[in-house]
Amino acid sequence: MSRIRSLLNATTSTFPRKCLTTSVLFATGDTISQRIFEGNARSGGGSGGGVGSTRGKSGFGGGGQDYLRSLRMAFHGGVIYAPIMTTWLSLIGGIKMQSKVLQTVVRVAMDQIIIGPILPAVFFTSLTLLEGGDLKKVSEKLSKAWFDTWLVGVAVFTPASVINMTLIAPQNRILFVNAVGLSWNTFLSYKNSRTKSLIEH
């Protein structure tokens, strides 16, 4: 138990560490997406215009990893996402009510209604611009990917938010979000790459 506590303190005790941890988790999610999910898709789809089909032939599933893509994900996670979420969690964590149940309901509702729709939009905008796209590409990607990504996010993060707001200590909430978010980051990476491929083809 003490080792777990030491790990939590080491990765979340300061803002820079939170940013670094988030950056690593975003890059990890992208790596999982590329090497497992997209790699499997490429191995079954030949050399056509599938996701990431322009990469090399090393790595799992017959496709090499796009490390620049992973770096873009890492940049977004550490420089854009982590500061937003750290500030947001601090803000809604300051909401105090006599009823713990009502307090949780209000916090979760704010989380899903306010920040929930914003984060996917920020993600697709950020990644498109980092990929060298223009505002037209941003608009196209948002029109194709934002709404259903937000719906999946609601399904994933509503129960996660309840747990986060009731059972997790404030200083560890960003780490919990990241732990849940590893699978979410994988999904986001795949969704971004798939949507980019659909737009380009």
Side-chain angles (χ1 to χ4, degrees), residues 1-30 32-33 73-127 138 141-143 145-192 195:
M1 195 67 181
S2 60
R3 290 182 179 179
I4 295 176
R5 189 176 300 277
S6 297
L7 175 62
L8 291 174
N9 290 334
T11 55
T12 65
S13 58
T14 67
F15 178 71
R17 287 177 180 174
K18 291 176 183 178
C19 291
L20 179 60
T21 301
T22 306
S23 180
V24 169
L25 287 170
F26 264 76
T28 301
D30 179 67
I32 293 171
S33 177
M73 285 287 290
F75 179 87
H76 173 81
V79 177
I80 299 174
Y81 176 83
I84 292 174
M85 280 305 295
T86 300
T87 303
W88 174 251
L89 290 173
S90 177
L91 177 64
I92 61 174
I95 298 174
K96 306 294 183 183
M97 297 182 176
Q98 289 185 341
S99 170
K100 294 296 184 181
V101 174
L102 181 60
Q103 175 177 288
T104 299
V105 169
V106 170
R107 288 179 176 180
V108 172
M110 289 182 63
D111 197 47
Q112 296 307 312
I113 294 172
I114 298 176
I115 203 69
I118 293 174
L119 289 176
V122 171
F123 172 78
F124 289 120
T125 300
S126 167
L127 265 293
V138 170
K141 191 174 286 187
L142 289 175
S143 67
W146 170 79
F147 184 69
D148 56 341
T149 301
W150 172 61
L151 290 180
V152 174
V154 170
V156 170
F157 285 103
T158 297
S161 294
V162 172
I163 296 172
N164 203 23
M165 297 300 171
T166 56
L167 302 178
I168 307 299
Q171 68 271 21
N172 297 327
R173 283 174 182 164
I174 185 66
L175 180 63
F176 176 80
V177 170
N178 284 333
V180 175
L182 180 57
S183 59
W184 176 248
N185 296 339
T186 302
F187 167 75
L188 283 179
S189 179
Y190 178 84
K191 186 72 173 178
N192 180 68
T195 304

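If you read the sequence from its start, that first residue is 1, and numbering goes on from there. Basis for what follows: all heavy atoms, side chains included, without hydrogens, waters or symmetry-related copies.
For residues 99-119, there are no ring pair (Phe, Tyr, Trp, His ring centres under 6.0 Å) pairs, not counting sequence neighbours. Sorted by first and then second residue, the pairs that involve residues 147-172 and meet salt bridge (Lys or Arg N to Asp or Glu O under 4.0 Å), not counting sequence neighbours, are D148-K191.
Evaluation of the side-chain hydrogen bond (donor to acceptor under 3.5 Å, both in side chains) rule for T22 yields N178 as partners, not counting sequence neighbours. Residues satisfying the ring pair (Phe, Tyr, Trp, His ring centres under 6.0 Å) test with F187, not counting sequence neighbours, are W184.
You'll find the side chain of T149 reaches within 4.5 Å of the side chain of F124, heavy atoms only. Side-chain contact between P120 and F147 is absent, with no heavy-atom pair separated by less than 4.5 Å. At least one side-chain heavy atom of L89 sits under 4.5 Å from a side-chain heavy atom of N164.
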Please set out all donor-acceptor pairs under 3.5 angstrom arising from side-chain atoms of residues 74-86, sequence neighbours excluded.
{"residue": "H76", "atom": "ND1", "partner": "S126", "partner atom": "OG", "Å": "3.0"}
{"residue": "T86", "atom": "OG1", "partner": "A82", "partner atom": "O", "Å": "2.8"}

Distance-only check: which donor-acceptor pairs under 3.5 Å involve side-chain atoms of residues 102-114, not counting sequence neighbours?
{"residue": "Q103", "atom": "OE1", "partner": "M97", "partner atom": "N", "Å": "3.0"}
{"residue": "T104", "atom": "OG1", "partner": "K100", "partner atom": "O", "Å": "3.0"}
{"residue": "R107", "atom": "NE", "partner": "I92", "partner atom": "O", "Å": "3.1"}
{"residue": "R107", "atom": "NE", "partner": "I95", "partner atom": "O", "Å": "3.2"}
{"residue": "R107", "atom": "NH2", "partner": "G93", "partner atom": "O", "Å": "2.9"}
{"residue": "R107", "atom": "NH2", "partner": "I95", "partner atom": "O", "Å": "2.8"}
{"residue": "D111", "atom": "OD1", "partner": "W88", "partner atom": "NE1", "Å": "2.7"}
{"residue": "D111", "atom": "OD2", "partner": "S161", "partner atom": "OG", "Å": "2.7"}
{"residue": "Q112", "atom": "NE2", "partner": "F157", "partner atom": "O", "Å": "3.4"}
{"residue": "Q112", "atom": "NE2", "partner": "S161", "partner atom": "OG", "Å": "3.4"}

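Across every non-hydrogen atom of M73 and F123, the tightest pair is SD-CE1, 3.6 Å. Taking all atoms of both residues into account, the shortest heavy-atom contact from L182 to G29 is CD1-N, 3.7 Å.
With hydrogens and angles disregarded, a donor-acceptor distance shorter than 3.5 Å links the side chain of T158 to the backbone of V154.
Here the CZ-OG1 distance, from F15 to T87, works out to 6.5 Å after rounding to the nearest 0.5 Å. Interatomic distance, OG of S183 versus CG of N185, reported as 8.0 Å (0.5 Å rounding).
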